[in-house]
Amino acid sequence: MANLLSDCITANGKTVENYVFPPERRPPISGKADVPIIDLQEENASKHIMKAIQEFGLFQVINHGVSKDLIDEALKVFKEVFELPPEEKSKINMEEDLNQFCRIYSSSYNFNTEKFHYWRDVLKHHCSPLEECIKFWPQNPENYKEIVGAYVTELKDLGARILECISEGIGLEKGYFASELSADNILTVNHYPPCSNPSLTLGLTKHSDPNLITILQAVPLHVPGLELFKDGQWLSVDTVPDAFVIFVGNQLEVVSNGGMKAAVHRVSNATEARTSAAFFINPSYECMVEPAKELVQAEINPPLFKAFKYRDFFKVYTGHDGERHAILEDFGFMIKP
Ligand SMILES: O=C(O)CCC(=O)C(=O)O
Ligand SMILES: [Fe+2]
């Protein structure tokens with residue numbers, strides 16, 4: 001397993017080879033995306049969410065009910081993980097197995113085979129069922145389990161409320177997603193260390209998330225990073241304080257039979273460090289995913305995706321970085337270049 005970037009930087013203060021992406025994989029941004037800010041307490045929140053999804057595939061939520069103190073504590077503890085001395089970090093499981101419940105690694109799952117590495121370190125663990133997963137979470141910082149346990153419990157609840165708004169918005173019963181479709185939760189903490197030449201690297205390449213929805217927060221707010229691909233252009237995404245960014249993922253695209261499109265995004269680096277926490281709401285690995293029967297009609301609106309087991313999709317998604325688009329098309333996704 002490769003060293004973590006955060007360790008290399010502390011150890012010798014300079015960058016590492018194989019992090020320079022070819023120019024065609026890092027086209028510049030053309031401006032800013034005016035991503036809608038939705039007040040979840042507002043009566044018409046569901047309507048606003050649907051409109052934002054149609055236009056952007058993502059939106060910000062405020063008045064979401066998650067306390068500011070808890071958010072601040074969680075984001076602090078996430079940063080602290082990457083500030084631990086290398087010997088402490090190495091105690092966090094670094095196994096390659098996809099089913100490991102807690103892993104810390106650099107760049108991506110495919111570090112050993114990928115040609116270019118992303119300028120990021122990652123801590124990733126499952127969060128459901130909490131009592132089981134929490135045993136595998138980092139022992140340090142000491143308060144990690146307590147704070148992150150409370151944080152992911154709140155985010156799970158927030159996700160359920162947002163999914164209720166979405167099911168209402170697309171004409172499905174309110175509890176449609178409160179099933180195996182949203183049974184698994186994974187937390188990914190991305191740490192993008194300071195980069196001396198951020199125009200040459202990528203924190204994360206162009207992708208859409210594999211899941212139902214993602215709930216994201218990043219600090220510090222003034223450090224840019226998240227970028228959205230919209231109408232053939234890359235646009236930077238600024239967020240307002242204490243808002244969560246909500247992304248439509250591939251499985252929502254399937255269930256809505258293409259009615260909603262997953263947000264295509266990437267992350268650029270900066271001369272300052274940035275840390276983001278992405279809470280992924282996923283189907284369970286055994287869940288069969290297909291377009292909702294209620295949204296499909298044989299002649300007028302035939303199913304655009306064949307049914308698949310989420311495990312099979314996820315294996316493809318994580319295993320074939322370079323060929324991902326061709327393979328996703330095999331599942332029915334119409335991927336534009
Ligand atoms: O760091 C970010 O802003 C986004 C991270 C992301 O896209 C992901 O983890 O899938
Ligand atoms: Fe993402």
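The basis for the numbers below is simple: all heavy atoms, side chains too, and nothing from hydrogens, waters or symmetry mates. Atoms within each ligand, like the ligands themselves, are counted from 1 in listed order.
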J.: For atom 6 (C) of ligand 1, what is the closest protein heavy atom, and at what distance to 0.1 Å?
T.: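 I find the closest protein heavy atom is L204 CD2, 3.5 Å.
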J.: Can you list the ligand 1 atoms lying under 4.0 Å from a non-hydrogen atom of H265?
T.: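 Those qualifying, in numeric order: 7 (O).
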J.: Hey, do the aromatic rings of F244 and H64 have their centres closer than 6.0 Å?
T.: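 Yes; H64 has its ring centre under 6.0 Å from that of F244.
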J.: Taking only Lys NZ, Arg NE, NH1 and NH2, and the carboxylate oxygens of Asp or Glu, determine whether E142 and K145 approach each other closer than 4.0 Å.
T.: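 No, this pair does not count.
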J.: May I ask you to say whether K306 pairs ionically with E290, meaning some side-chain N is under 4.0 Å from a carboxylate O?
T.: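 Between E290 and K306 there is no salt bridge, as every charged N stays at least 4.0 Å from the carboxylate O atoms.
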J.: With atoms numbered from 1 as shown, which atoms in ligand 1 lie under 4.0 angstrom from a non-hydrogen atom of L226?
T.: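 Counting atoms of ligand 1 from 1, those under 4.0 Å from L226 are 3 (O).
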J.: May I ask you to identify, for T214, whether its side chain, its backbone, both or neither come under 4.0 Å of ligand 1 on a heavy-atom basis?
T.: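 For T214, there is no contact with ligand 1 at all, from either part.
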J.: Just let me know how F247 lines up against ligand 1, side chain, backbone, both or neither, with a heavy-atom cut-off below 4.0 Å.
T.: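 Neither part.
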J.: Should T188 be counted as touching ligand 1, given the test is an N or O pair under 3.5 Å?
T.: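 No, there is no polar N/O contact under 3.5 Å.
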J.: State the atom name: nearest N, O or S atom of D209 to the Fe ion (ligand 2).
T.: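 The Fe ion (ligand 2) is closest to the D209 atom OD1, counting only N, O or S.
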J.: Test of geometry: compute the angle NE2(H265)-the Fe ion (ligand 2)-NE2(H207) and round it to 10°.
T.: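 It rounds to 90°.
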J.: Relative to F21, does R25 satisfy both conditions: NZ or CZ under 6.0 angstrom from the six-membered ring centre, and within 45 degrees of the ring's axis?
T.: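 The answer is no; the distance or angle limit is not met.
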J.: Of all the non-hydrogen atoms in the protein, which one sits nearest to atom 3 (O) of ligand 1, and at what distance?
T.: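 Answer, as residue, atom name and distance: R274 NH2, 2.9 Å.
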J.: Which atoms from ligand 1 have a heavy atom of S276 less than 4.0 Å away?
T.: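 Numbered from 1, ligand 1 contributes 1 (O), 2 (C).
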J.: Does some side-chain heavy atom of F229 sit less than 4.5 Å from a side-chain heavy atom of R266?
T.: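 No; the side chains remain at least 4.5 Å from each other.
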J.: Between H207 and ligand 1, which part of the residue brings a heavy atom under 4.0 Å of the ligand: side chain, backbone, both or neither?
T.: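 It is the side chain that touches ligand 1; the backbone stays farther off.
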J.: Taking L40 as the starting point, is it possible to reach Y151 by hopping between hydrophobic residues whose side chains are less than 4.5 Å apart?
T.: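 Yes.
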J.: Of all the atoms in ligand 1, which lie at a distance below 4.0 Å from a heavy atom belonging to Y192?
T.: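 Answer for ligand 1: 1 (O), 2 (C), 5 (C).
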J.: Are K309 and Y285 in a cation-pi setup, meaning NZ or CZ lies under 6.0 angstrom from the ring centre and within 45 degrees of the ring axis?
T.: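 Verdict for Y285: no cation-pi partner in K309.
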J.: What residue and atom, counting heavy atoms only, is the protein's closest point to atom 9 (O) of ligand 1, and at what distance?
T.: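 Looking only at protein heavy atoms, the one closest to atom 9 (O) of ligand 1 is N190 ND2, 3.2 Å.
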J.: Can you list the ligand 1 atoms lying under 4.0 Å from a non-hydrogen atom of F280?
T.: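 Those of ligand 1 that fall under 4.0 Å from F280 are 9 (O), 10 (O).
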J.: Record the part of F279 in heavy-atom contact with ligand 1 below 4.0 Å; permitted values are side chain, backbone, both and neither.
T.: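 None of F279 does.
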J.: Sequence neighbours excluded and cut-off under 3.5 Å, please list the side-chain donor-acceptor pairs for residues 74-82, or say none.
T.:
from: K76; atom 1: NZ; to: E80; atom 2: OE2; distance (Å): 3.2

J.: Please say yes or no: joined through hydrophobic side-chain contacts below 4.5 Å, possibly via intermediate residues, are V245 and I166 part of one cluster?
T.: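 No, no single cluster joins them.
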J.: Measuring only between side-chain heavy atoms, which start at C-beta, is S128 closer than 4.5 Å to K156?
T.: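 SC-SC contact between S128 and K156 confirmed.
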